[in-house]
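Hydrogens, waters and symmetry mates are skipped; everything else that's a heavy atom, side chains included, is used. Every number for a ligand or one of its atoms is a count from 1 in the order of the listing.
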Amino acid sequence: MNDLRDLYQDVILDHYRNPRNAGRMTGANHTAEGFNPLCGDRVKLFLQVENGVILDARFEGSGCAIATASASLMTETIKGKGKLEALRLLDDMHGMLTGGNTTGNLGKLEVLAGVHEFPQRVKCATLAWHTLKAALENADEPVTTE
Ligand code: ZN
């Protein structure tokens, strides 16, 4: 049996208190916003994608510990990855969070595996990933250099 203390592992709390890649990005060419009404989590994602590779990722928003830590871990993980690879990770995350399956491909993201035991928190953890999918599906926006 897991309890809430297991859910809020040190790594998750660290990413919540000191989110990586937080703040807006100038020069992003893909953006999307996500909202999880069940919890009130909001995230706006900024990506710089060139030749199908995610060169940079940042986010801003307000959310609970799980939503914020998930967005922070995601931006760290997807930098330097190809779009298709990032979308495969999304599928793996979804499988882990909803079915409790781990594929071994998720690395540090597996700290969120415990969320599976708390169905009301699953949408908090998947919010950033759904927003990533939306951002990647957007057409490239012109990048201003000003
Ligand atoms: Zn939440």
With side chain to side chain contact (heavy atoms under 4.5 Å, CB included) as the criterion, how do Leu45 and Met74 come out once you've worked through the C-alpha distance, each side chain's angles and the decisive distance to 0.1 Å? CA-CA 11 Å; Leu45 188 66; Met74 183 190 80; 3.8 Å; yes
Would Cys39 and Gln120 count as a side chain to side chain contact (heavy atoms under 4.5 Å, CB included) if you check the C-alpha gap in whole Å, the side-chain angles of each, and the deciding distance to 0.1 Å? CA-CA 9 Å; Cys39 180; Gln120 74 278 16; over 6 Å; no
Would Leu132 and Thr75 count as a side chain to side chain contact (heavy atoms under 4.5 Å, CB included) if you check the C-alpha gap in whole Å, the side-chain angles of each, and the deciding distance to 0.1 Å? CA-CA 9 Å; Leu132 171 67; Thr75 53; over 6 Å; no
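Shown here are the protein N/O/S atoms lying under 2.8 Å from the Zn ion (ligand 1), water excluded: Cys39 SG, Asp41 OD1, Asp41 OD2, Cys64 SG, Cys124 SG.
Using a 4.0 Å cut-off between charged nitrogen and carboxylate oxygen, Asp91 and Lys133 do not count as a salt-bridge pair.
Formation of a donor-acceptor pair under 3.5 Å by the Ser70 side chain with backbone atoms of Ala125 is found in this model.
Contact check for Met96 versus His116: no side-chain heavy atoms found under the 4.5 Å cut-off.
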